[in-house]
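I have placed the structure first, in the form of structure tokens, so that the comments after it can refer back to it.
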Amino acid sequence: MNKHIEIKVCTGTGGIAAGGLEVLERFQTCIEQAGLKAKTLTGCLTHRVGCRGLCARDVLVDVIIDDQKFTYQYIKPDMVERIVEEHIINGNPVSEWLVTEDYLSFYNKQQKVVLAMCGEIDPEDIESYISHQGYRAIEKVIKGMSPEEVIDEIKRSGLRGRGGAGFPTGLKWEMARNAPGDEKYIICNADEGDPGAFMDRAVIEGNPHAVIEGMLIGGYAIGAKRGYVYIRAEYPLAVERLKKAIEQARHKGYLGERIFGTDFGFDIKIKLGAGAFVCGEETALIASIEGKRGMPRAKPPFPVQKGLFGKPTVINNVETLANIPSIIIKGADWFASFGTEKSKGTKIFALTGKVKNTGLIEVPLGITLREIIYEIGGGIEGDRRLKAVQTGGPSGGCIPASMIDIPVDYESLARAGSIMGSGGMIILDETDCMVNVAKYFLQFTQSESCGKCVPCRIGTKRLLEILERITSGRGKEEDLKKLEKLSNDIKASSLCGLGQTAPNPVLSTLQYFRDEYEAHIFEKRCPAGVCRDLLTYTILEEFCKGCGMCLKVCPSGAIIGEKKKPHKIIPEVCIKCGACFEVCKFKAIKRG
Amino acid sequence: MIKVKIDGKEYRVKPGITILQVARENDIYIPTLCDDPRLEPYGGCRLCIVQIKGMPRPVTACTTPVTDGMEITTTNEYIEGLRKTIVELILSDHPNDCMVCEKAGDCSLQELAYFYGIRTNPYYGERRRYTTKDNNPFIERDMEKCILCGKCVRVCSEVQGVGAIEIAYRGFTAKVTPPFEKDLNCEFCGQCVSICPTGALMGKSSLGKGRQKDVKKIETVCPYCGCGCNMTLHVLRNEVIRVSSRPDNFHEGWLCVKGRFGFEFINSPDRLKRPLIRVKPRDKNSKELPVPDLNDFREASWDEALDLIANKLREIKDKYGPDAIAGLSSARCTNEENYIFQKFFRAVIGTNNIDHCARY
Amino acid sequence: MAGLATVFGSGAMTNSIPEIENNDLLFVIGSNTKENHPIIALRMIQAVRKGAKLIIADPRRVPLVRFAHLWLQHKPGTDVALLNSIAHVIVKEGLIKKEFIETHTEGFNEEFLKNLEEYTPEAGERITGVPKEKIIEAARLYAKAERAGIYYTMGITQHSHGTDNVFAIANLALLTGNLGKESAGVNPLRGQNNVQGSTDMGCSPNTYPGYQKVTIPAIKKKFEDLWGVRLPEKEGLTASEMLFEAEAGRLKAMYIMGENPVLSDPDTGHTVKALKELEFLVVQDIFLSETAAIADVVLPATCFAEKDGTFTNTERRVQRIRKAVAPPGEAKDDIWIINEISRRLGYNMNYAHPEEIWNEIGMAWPAVAGITYSRLERGGIQWPCPTIDHPGTPYLFKGGFPRGKGAFTVIKYKPSCEEPDLDYPFILTTGRMLFQYHTGTMTRRVKAIEALYHEPYVEINPEDALDLGIRNGDTVKVSSRRGSIVLKAMVTKRPERGVVFIPFHFREAAANMLTNSKALDPLCKIPELKVTTVNIEKFKED
């Protein structure tokens, strides 16, 4: 008889989308039917757990029998029965469904601090968190540390803001603590808005109590009695889990009056953001919580001096706060043992783009981009050539392939013309057009500009229009200069971080990939074959077998030819959709 | 008092005030489109950017408080270059129809274009176009001319306490609008019109009546309620075409709907133009509200009317004594008129039967 | 006015408009400031933004309530009960300013205190309908404030006991020492551009310019010397009395300059009848008003933009108005007209320019002797300003009261003249709205205003409307003991149950057809325009 059976099913947003809830339910039914509960000493437990990173392989399922863990990938509900029967009952894991070698290499170079419990604990059950030393940190703080000692510990740990700017967290807390006033606030910024980034969502979905505990400690340190979590409404699962977590924490007495029987009281309110990217900017976020239109204001005064409702306010990112409990429990020195001299700890990235393994990763700061791409990411899809790494989302820049041996830390990335940002990391290969990449980000920032200041509202629009002209073959020589000047002027004169960093994608691609711009402007050619207006499709007679597939899919009737004879594309009719290119089995369509 | 250095010159200033305030007090020119001393600092137009020694990037003078020892540069090639770009960007999304614009000659944007000598604009592209019109009867809202300085939004909420408009949408499409893009429906104080730096907001009753040329501006006091607001009548060819109010008066230049837009009566065709003498006898039996009808009267010369009045008053005074005559004066007339009216009753008629309407 | 003059020795706003911003408490009673004094309301909003507390006492939910910390919705006509119970709490809780009372006031005696006894918060609640907790809170807020300002208008004065209301207000200020300093005082807001000026100028039956009593021989002598004639001895008739005298046939002629009493005075039927009784009626105006319509001679006058002179605003600020345009047709300014009639009656008035008159006013009234036209070029000056180098007086009573000591007054609550009964179950209160002004002679000739706000209406509480089967926009007939009018119903929570409101701007449904001209304040002769009992029914065409 087995002593202990545990089954953990990924039910993050990715897991649920892949059918995680159905898989979980099927496990429960199968276990019930097999009467497994009676056959084990401590029961047969099924857990929903948060994201463990490799969402591309969802649904991921751990089957743990007496401390022996097997992980399955790509699990669908109808596969469950076999796993239960063969593995759990008969003790023979279903080997063809188990994760493969490269799954393990995905984790080898990672260092899980913030995400350590994601994928391990049940995010909807506070007991699960408590059993992993949950709320021990706040207890330690309240019972045995002065606010100054807490701040000192955080300062010594070297933790810096994970929202992107990298401001030292301990210092921020100290400034708020020292700011005059008896009413102060701590806000958790969960308005994650970079396209393709989902670090904060995963943390809240996978381990919401860590964020709550981080806020409690922060509140204690700065002298706040109330905290807000500003979270985007487009994260319904995270919102719900956070709500549940707050309720459970209140019920347990970790939130509310007289926590641990002391005078310290603290509570948290959730404020939903309405999907404005700019509300991730702290002053806009404050305005939004206050019920105003989410528009930034000039700093100084900084929020630590005059923030929410005019009171000293600390705004920390989700990941920053989720780091706090571990630092308190394990100590600043432990935390500082990860990372580089100026960038301590770990950082979560949403690794996307042209790598084989996409997903959520947590790495020690100082790791090289090469390690991330080739070891964790498993290299480029189709083994094509790496062109660049985009970090920092719309505010960041593109680091060329030649520089991928630089370490990932705040300073190095900045030196390379990009930023750490909140954790977006997009891998670009030879099939990506860098002008188009810049255009994509400008489209985003332009439509997300709040409209308050002129350089951002109109300047980014004009930048975007120049890029549109270039990618459609109407670029002029002077446009390069204009892009540079306008970009620099926008950076210098915009009101908030959004505008000040919006030109970064343009400037960094101009710096490293000027030749691509020039090809678009002078040769009217897109080297990566992306910009539709610059493409021409022709049929290579020597390869064309006259199968007629291209003719069939062409939506504009631009292809003519007789069966079994080479076909032709009429350029005037061709709308450059690329359907023929995709469908041709003989590589007879030339794009260029 | 703290010391700051502006463009190399030292100033002793109150702590806590902004760089722009110091500049204004000392007549140092810093351009701005979104600042008004009567409103909270905004920092939106970015024109007032200045450089401060030791700071990595330029800051806006309107939002940055001075600190002791601060060294500020308000103008140099770099700053002016940034400012010029900003004006160029605004103009790249502006109708630039100054030839026919109501605001020409009184437009802050026009002045800046002039100041920076912008003849050709390196930036061009899409311009905002709005086809629907706001049909409210008071305020012409031409949002294509709006530069999103936010003054109207702020004055409406901070000063007027109404909040009838707000910026909606994002990015290039950001737009000042009443809720749900409906027609403006508010107190129509026109504070927004008075503070708009461009021709985006204008009083409808003034449209096409005259811009700046040959307009005489006469300082006077509002004829409506007891607040006594100061107003400037804009007069062209013997017609009041517009009313404004100076921000430096005791009520900071704010007016209400009546003061700002209620001047049309001056030129009403209903105005009495000649003395009238009754021809149709009064119907003494009717207690109904009388209906004003010019046909009840005939026009008369001043001499005839005045003689008639004098004779009648003398006759009644002689017959019944002065106390059979009474005068009602007006809270709408001037002090001087009220003074001589009561003097007329006391000294000329010989009665204290004089009162006014302050009770109603 | 007369009320304040009795207790302080001067009756005008004690403070000035810019000072409002620095009040730390504003008590606005009987004033729909946001609509009737829009620019003063802006200062109040600024004060609130700066942290001041705002208390509003008004039977209607006036727009300023949105900014208020405390709204006391008392029944119309119960102001004395409300104010006395606030005073009761202030005394009971020991919140009075003893030192101020000892040095600056008189009448804080047994009788005064004994009278307050009965106005407990409970009694206050019973009479006014305001919960006693709110009365207590208002008392504490007001008494504990450093710089509390009271602001009131016709909601206080247009009652048969209007002077009592003012006395009760003054008592509050005296109890708490909120007088004689910046941003603290008692401020009647004057409703028309130059009400202050016309009273200052002696257009009153009992005072010469500068509130100098006609009955004091020395003063009469002074004016006789100044004007070079013998002057009448006894006080004259007040406006309301004139109409009664006219109706009775004792008053034979009236000369009305720039007024429209037919619409603005209570009981239109009575006004019309009285004026028609006159042998001779002269009206001088800029339009053919409803009053001019029954005149024997109508004289075309000039409007504000067509003449020079001065207005004095509600905060005693004398300001220049200037001629901007020529008058239409043969219209003449009032000064020329009076000059001409005087000359015809054998008294030479040859004022060539208003400045000459102003200089004479300075001789007649020392408080404005220091104000000259040339000084006014640099902006308005607030009287008192006795000498040419005096800066003017933003707030009054800095060193004490003109009458020596501020006087407490024993005031008892008296019900209004008309109280709701079965025939007339509703209380009608009248007033202005933001967009129209007074009898509408000016504003109703502004196209934009007329486009939106041309229709008379009566505000009815939704519950009352439900009882009466009236829906928003229905045509209703409102009747009083004096007459009836037909107009649209506006169903709104602005008035409480049992109270309706009609703006008096509209001749189409003249609110004053309903009001009562016989209920007058005994001291000021102000009619009770704020409390008239009426009946409302759905209008059926016959």
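The chains referred to below are lettered A, B, ... by the order of the sequence lines, with proteins before strands, and numbering in each begins at 1.
- Distance CG/D93(B) to CZ/R457(A): 7.0 Å, rounded to 0.5 Å.
- More than 12 heavy atoms of other residues, nucleotides or ligands shown are found within 6.0 angstrom of OH on Y29(B).
- Of the atoms belonging to S447(A), it is backbone heavy atoms, and not side-chain ones, that fall under 4.5 Å from chain B.
- For chain A, no part of E88(B) is nearby; none of its heavy atoms comes within less than 4.5 Å.
- Rounding to the nearest 0.5 Å gives a distance of 13.0 Å between NZ of K299(A) and OG1 of T64(B).
- Heavy atoms only, all atoms of each residue included: A174(B) and C450(A) are closest at CB-O, 4.2 Å.
- Heavy-atom distances place both the backbone and the side chain of K452(A) under 4.5 Å from chain B.
- The most heavy-atom pairs under 4.5 Å with chain A, out of S92(B), C45(B), P58(B), come from S92(B).
- A donor-acceptor pair is defined here as one N or O able to donate and one able to accept, closer than 3.5 Å; such a pair exists between the side chain of R57(B) and the backbone of K491(A).
- K103(B) NZ: more than 12 foreign heavy atoms inside a 6.0 Å radius.
- Contacts of Y169(B) with chain A are made by backbone atoms alone, with heavy-atom separations under 4.5 Å and no side-chain atom involved.
- In this structure, T85(B) and K485(A) have side chains that are in contact, with non-hydrogen atoms separated by less than 4.5 Å.
- Considering CG of L495(A) and OG1 of T63(B), their distance stands at 7.5 Å, rounded to 0.5 Å.
- In D68(B), the CG atom is crowded: over 12 heavy atoms of neighbouring residues, nucleotides or ligands sit closer than 6.0 Å.
- Residue L148(B) touches chain A through both its backbone and its side chain, counting heavy-atom pairs closer than 4.5 Å.
- For the set E478(A), Q500(A), M295(A), the count of heavy-atom pairs under 4.5 angstrom toward chain B peaks at Q500(A).
- Contacts between L464(A) and chain B at a heavy-atom distance below 4.5 Å are absent for every atom of the residue.
- Of the listed residues (P300(A), P455(A), S494(A), A492(A)), the one with the most heavy-atom contacts under 4.5 Å to chain B is A492(A).
- The residue among N488(A), L486(A), T460(A) with the most heavy atom pairs within less than 4.5 Å of chain B is L486(A).
- Contacts between T445(A) and chain B at a heavy-atom distance below 4.5 Å are absent for every atom of the residue.
- Around atom CD of E477(A), no more than 12 heavy atoms belonging to other residues, nucleotides or ligands sit under 6.0 Å away.
- Residues I49(B) and S493(A) share a closest heavy-atom pair of CD1-CB, 4.0 Å.
- When all heavy atoms of E465(A) and E126(B) are compared, the pair lying nearest together is OE2-N, 2.8 Å.
- Minimum heavy-atom separation, Y124(B) to K476(A): OH-NZ, 3.5 Å.
- Taking CG of L82(B) as the reference point, atom CD1 of I490(A) lies at 11.0 Å (rounded to 0.5 Å).
- A donor-acceptor contact shorter than 3.5 Å is absent between the side chain of R462(A) and the backbone of Y123(B).
- Between I86(B) atom CD1 and D489(A) atom CG the span is 8.0 Å, to the nearest 0.5 Å.
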